[in-house]
Every structure is written in C-alpha cells, then in structure tokens.
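Everything on this sheet refers to the single structure shown next.
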Amino acid sequence: MTVTLADVAARAQVSPATVSRVLNGNYPVAASTRERVLKAVDELDYVLNGPASALAAATSDLVGILVNDIADPFFGIMASAIQAEIGGPGGRAGGERLAVVCNTGGSPERELTYLTLLQRQRAAAVVLTGGAIEDAPHKAAMDAKLRKLADAGTRVVLCGRPPAAETGAIALTFDNRGGGRELTEHLIGLGHRRLGYIAGPLERTTTRHRLEGHRDALAAHGIEEDARWTVHGRYDRRSGYEATLELLRRDPSLTAVVAANDSVALGACAALRDSGLRIPDDVSVAGFDDLPFSIDAVPALTTVRLPLAEAGARAGRIAMGREEAPHGGIASVRGELMVRGSTAGPRD
C-alpha cells in the first residue's frame, strides 16, 4: 500500500502542509517539528515525488551508479563504461539520460541513503558496483530497498556484486573465488609453499571470495595454512605496504605475497624493496583486477584480469533495456590469469 503525505502528517501529528514544507525546505519549520516529520518519513519509508517532469511517467531520466570509491580505478572503470551506455534513445529530453555517480565511501548507511534518494527521484535505473557488505541487518534492508525500486519500475543491475535473491535485480557477478584459486595455483606450480596473503576488509564479500579461492588452492595441494600468513586491511597501496611489513615480521621465510588487489600489490612491492628484497628473485608478488597501471609496474604484476569495462558496459545496456538480461537473471564473469614478471619460482 502506497504511503501518502497525509499518512506522514498523521504519524508526525502535524498538518500535510507542514510535512510539505519540511520535505521541500522552502519554509522555516521548528527544529523539533522537523525532526518529528523526518522520523515519520523514515518509519513509513515515505517516498517523495521527484521533479514535476517525472510525475507523468513511471520513471525519470535519472540513472544512479553506486560505487565504493570513485578514485579507485576498479570502480572508475566500471562507472565510466556504464555511463557511456546510458545515453541515447529512451529519455524524454533529447533522448539522453542523466547519470549520477554516488560515492558511498564503503558506508552501509550512505548506500541505503543514496538508494532512497534515487527512489524519490523515480530513477529509470540503478547500477550497484563492487562487492556487498556482509552484515545480515544491512542485507535485509538492502534487499527490501531493491525490491521497492524494482516494483516501482526502476531497473536494478548489480555489477561485480553477488546476486540479491527475490529482489528483481539482475546480477553480473565476478568469479572472485575462481580467480583467487587460479592465482594461488600458479604460484604453487612455480614451487612456492610459504605464501603470505593480504586480504581486504573483513566485511566485504569480495574479500571472502578471493580468500576462499586462495585457501582452496592451498588445501588442494596439501599445504597447511599458517595463521600468521594472512593479514586483513583496506584495498589501497598503504595497506599493502603496512601488511607486507607485518607479514615479514611474522615470517621472514615467505617466498610469495598474494595481494587482495593490484593497488595493495603495489604497496607490497614497495615494502619488499624497502626491506632490501628483490622481486621476484627473493619474493614473488601477485595482485588481482589487472588495473591499468599493473603492466607498467616494475616488474609488471602477475594478476587476474577482470573485464571491468566490458562488464560495466553490459550492465549499462541491461539497465537501459538495450540488452536482454542473462538467463535466470544471473551471469558469472570469469577473470583471466595474466602472468608477468613479478612472479617466479622460489630461489634456494
């Protein structure tokens, strides 16, 4: 049942005109009254109508793209590819769509807030990029929000994110687990048996899947993992630098370092050089994603290439209805192992 302005007014015990003033911000309202109205809006999940131009249609010309960090090339590449696909026929004003990139900074609260704002604006489509946050209450809130968006006519596409069952969202998932296993198997095949691993934040699905792939490879080859060999941190260069120093402190005999992504791997390389170690002569280093700078590192990074631009473009086409959704609403995108100079067999 649709929640109306009158419902919010009744809950907040004010007039509908006061609710309108609070939501439109065009008239002074007492702070205590404003708080009561906003609380009622949250409790009832009231959705304010967007611009008048959108009221005559089910959706507007707005497309939301949610990213964790637009400064991270992983997200920037996908966002750029998505945006390149959302223009053209379909919009009411010259056939164009307005893309809004929403930078969550990894905050669960911001993620939900942006989806609410896009819902209020009757967005034509929403594309969520990258891994999800592993928190049961947040997942339940996200699933409910995605269902409401889909029910209102908004196309919802997940790009590089696990499926969200029974929400109506289309999912293009990355095979992070398979890529993680293949990368570690490559290092094992070179003769490495003491492998340090720099994982991402504990609460991210991407972190868990890549680490599971790494551990699957160790187990398949009968290598017992030492608890000292895994360190968690952020998906950035500084984290890679600090984590590598910690790994060396814990076990100086490590012959390889597997990084959560390429930015982390660059930090690992810097820490190894500053510690007087040669890559790959003393320690091999491997990353993940194959970001543009990876091939220009010295030595070039062995990594798993994810087709970020291709996946983003496909997500954009599906969001705009210019490409059919995959069978069952889910498609898994595999990575490709890129073997370069940063890995070699261990030296005696």
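Along the sequence shown, the residues carry numbers beginning at 1.
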Flag the pair Ser284 / Leu187 as yes when at least one side-chain heavy-atom distance between them is below 4.5 Å, and no otherwise.
yes

Is a salt bridge present between Asp7 and Arg11, judged by a nitrogen-to-oxygen distance below 4.0 Å?
no

How far apart are the closest heavy atoms of Ala260 and Ala199, and which atoms are they?
CB-C, 3.9 Å

Does Arg238 pair with Asp236 as a salt bridge, N-O distance under 4.0 Å?
no

What are the two closest heavy atoms between Gly191 and Pro346, and how far apart are they?
O-CG, 3.5 Å

Within this structure, what is the OG1-CD distance for the pair Thr205 and Glu212, rounded to the nearest 0.5 Å?
10.5 Å

Treating Ile, Leu, Val, Met, Phe, Trp and Tyr as nodes and any side-chain heavy-atom pair under 4.5 angstrom as an edge, say whether Val257 and Leu248 lie in one connected cluster.
yes

So CZ of Phe74 and CG of Leu306: to nearest 0.5 Å the spacing works out to 6.0 Å

Might you point out which heavy atoms bring Ala125 and Met320 nearest each other, and give the distance in Å?
CB-CE, 3.7 Å

Could you check if a side-chain atom of Ser332 sits within less than 4.5 angstrom of a side-chain atom of Thr173, using non-hydrogen atoms only?
yes

If you look at every heavy atom in Ala171 and Pro163, which pair is closest and at what distance?
CB-CA, 3.8 Å

Student check: side-chain heavy atoms of Leu146 and Leu115 closer than 4.5 Å
yes

Evaluate Val101 against Ile82 for side-chain contact (heavy atoms from CB on, under 4.5 Å), listing each step before the verdict.
CA-CA 10 Å; Val101 178; Ile82 294 165; over 6 Å; no

Determine, using the 4.5 Å side-chain heavy-atom cutoff (strictly less than), whether Leu195 and Leu245 are members of one ILVMFWY cluster.
no

Does Arg228, at its CZ atom, have more than 12 non-hydrogen atoms belonging to other residues, nucleotides or ligands within less than 6.0 Å?
yes

Main-chain N/O of Tyr235 paired with Ser239 side-chain donor or acceptor, under 3.5 Å
no

Minimum heavy-atom distance between Pro201 and His232, given as atom pair plus value:
C-ND1, 4.5 Å

Distance (rounded to the nearest 0.5 Å) between Glu43 CD and Leu38 CG:
11.0 Å

If you group Ile, Leu, Val, Met, Phe, Trp and Tyr by side-chain heavy-atom gaps below 4.5 Å, do Leu183 and Ile188 land in one group?
yes

Answer yes when Glu246 and Arg250 have at least one side-chain N-carboxylate O distance shorter than 4.0 Å, and no when they do not.
yes

For Gly76, is there any backbone N or O sitting under 3.5 Å from a side-chain donor or acceptor partner on Ser80?
no

Roughly how far, to the nearest 0.5 Å, is CE of Met338 from CG of Leu301?
11.5 Å

Rounded distance (nearest 0.5 Å) linking atom NE2 of His214 with atom OG1 of Thr230
5.5 Å

Take atom CD in Gln13; do more than 12 heavy atoms of anything else shown fall under 6.0 Å from it?
no

Partner of Val63 under side-chain contact (heavy atoms from CB on, under 4.5 Å), picked from Val100, Leu118, Thr154, Ile86, is Ile86

Expected output: side-chain Thr129 to main-chain Leu66 donor-acceptor under 3.5 Å:
yes

Give the minimum heavy-atom separation between Met78 and Gly130, together with the two atoms involved.
CE-N, 4.1 Å

State whether the side chain of Thr104 and the backbone N or O of Val67 hold a donor-acceptor pair below 3.5 Å, judged by distance alone.
yes

Do the non-hydrogen side-chain atoms of Ser342 and Pro280 ever get within less than 4.5 Å of each other?
no

Keeping Arg34 on the side-chain end and Val29 on the backbone end, is there a donor-acceptor pair under 3.5 Å?
no

Under 4.5 Å between any side-chain heavy atoms of Val157 and Arg314, yes or no?
no

Among Thr302, Thr303, Asp290, the one residue meeting side chain to side chain donor-acceptor pair (under 3.5 Å) with Arg340:
Asp290

Judged by atom type as modelled, is there a donor-acceptor pair below 3.5 Å linking the side chain of Arg237 to the main-chain atoms of Val264?
no

Less than 4.0 Å between a side-chain N and a carboxylate O, is that true for Glu310 and Arg305?
yes

Please walk me through it: do Thr167 and Val156 pass side-chain contact (heavy atoms from CB on, under 4.5 Å)?
CA-CA 9 Å; Thr167 63; Val156 181; over 6 Å; no

Between Asp61 and Leu98, is there a side-chain heavy-atom distance shorter than 4.5 Å?
no

Are Arg193 and His221 close enough, and set up right, to give a side-chain contact (heavy atoms from CB on, under 4.5 Å), and what steps lead you there?
CA-CA 9 Å; Arg193 293 296 181 273; His221 291 270; 5.8 Å; no

Could you walk me through whether Asn68 and Arg204 pass the side-chain contact (heavy atoms from CB on, under 4.5 Å) check?
CA-CA 11 Å; Asn68 189 320; Arg204 310 299 300 196; 3.7 Å; yes

Where the side chain of Arg210 meets the backbone of Gly180, is there a donor-acceptor pair that is under 3.5 Å apart?
no

Backbone N/O of Ser294 and side chain of Asp262: donor-acceptor pair under 3.5 Å:
no

Would you find a donor on one side and an acceptor on the other, under 3.5 Å apart, between the side chain of Asn103 and the backbone of Ile70?
yes

Ile295 reachable from Phe288 in the ILVMFWY side-chain graph, under 4.5 Å edges:
no

Nearest 0.5 Å please: distance from the CZ atom of Arg147 over to the NZ atom of Lys145.
11.5 Å

Is the shortest side-chain heavy-atom distance between Ile318 and Pro326 below 4.5 Å?
yes

Would Tyr197 end up clustered with Tyr241 when hydrophobic side chains under 4.5 Å apart are linked, directly or stepwise?
no

Using a 4.5 Å cut-off on heavy atoms from C-beta on, say whether the side chain of Val283 contacts that of Leu254.
no

Pick out which of Asp289, Thr206, Leu308 makes a side-chain contact (heavy atoms from CB on, under 4.5 Å) with Phe174.
Leu308

Taking 4.0 angstrom as the limit, do Asp72 and Arg234 come out as a salt bridge?
no

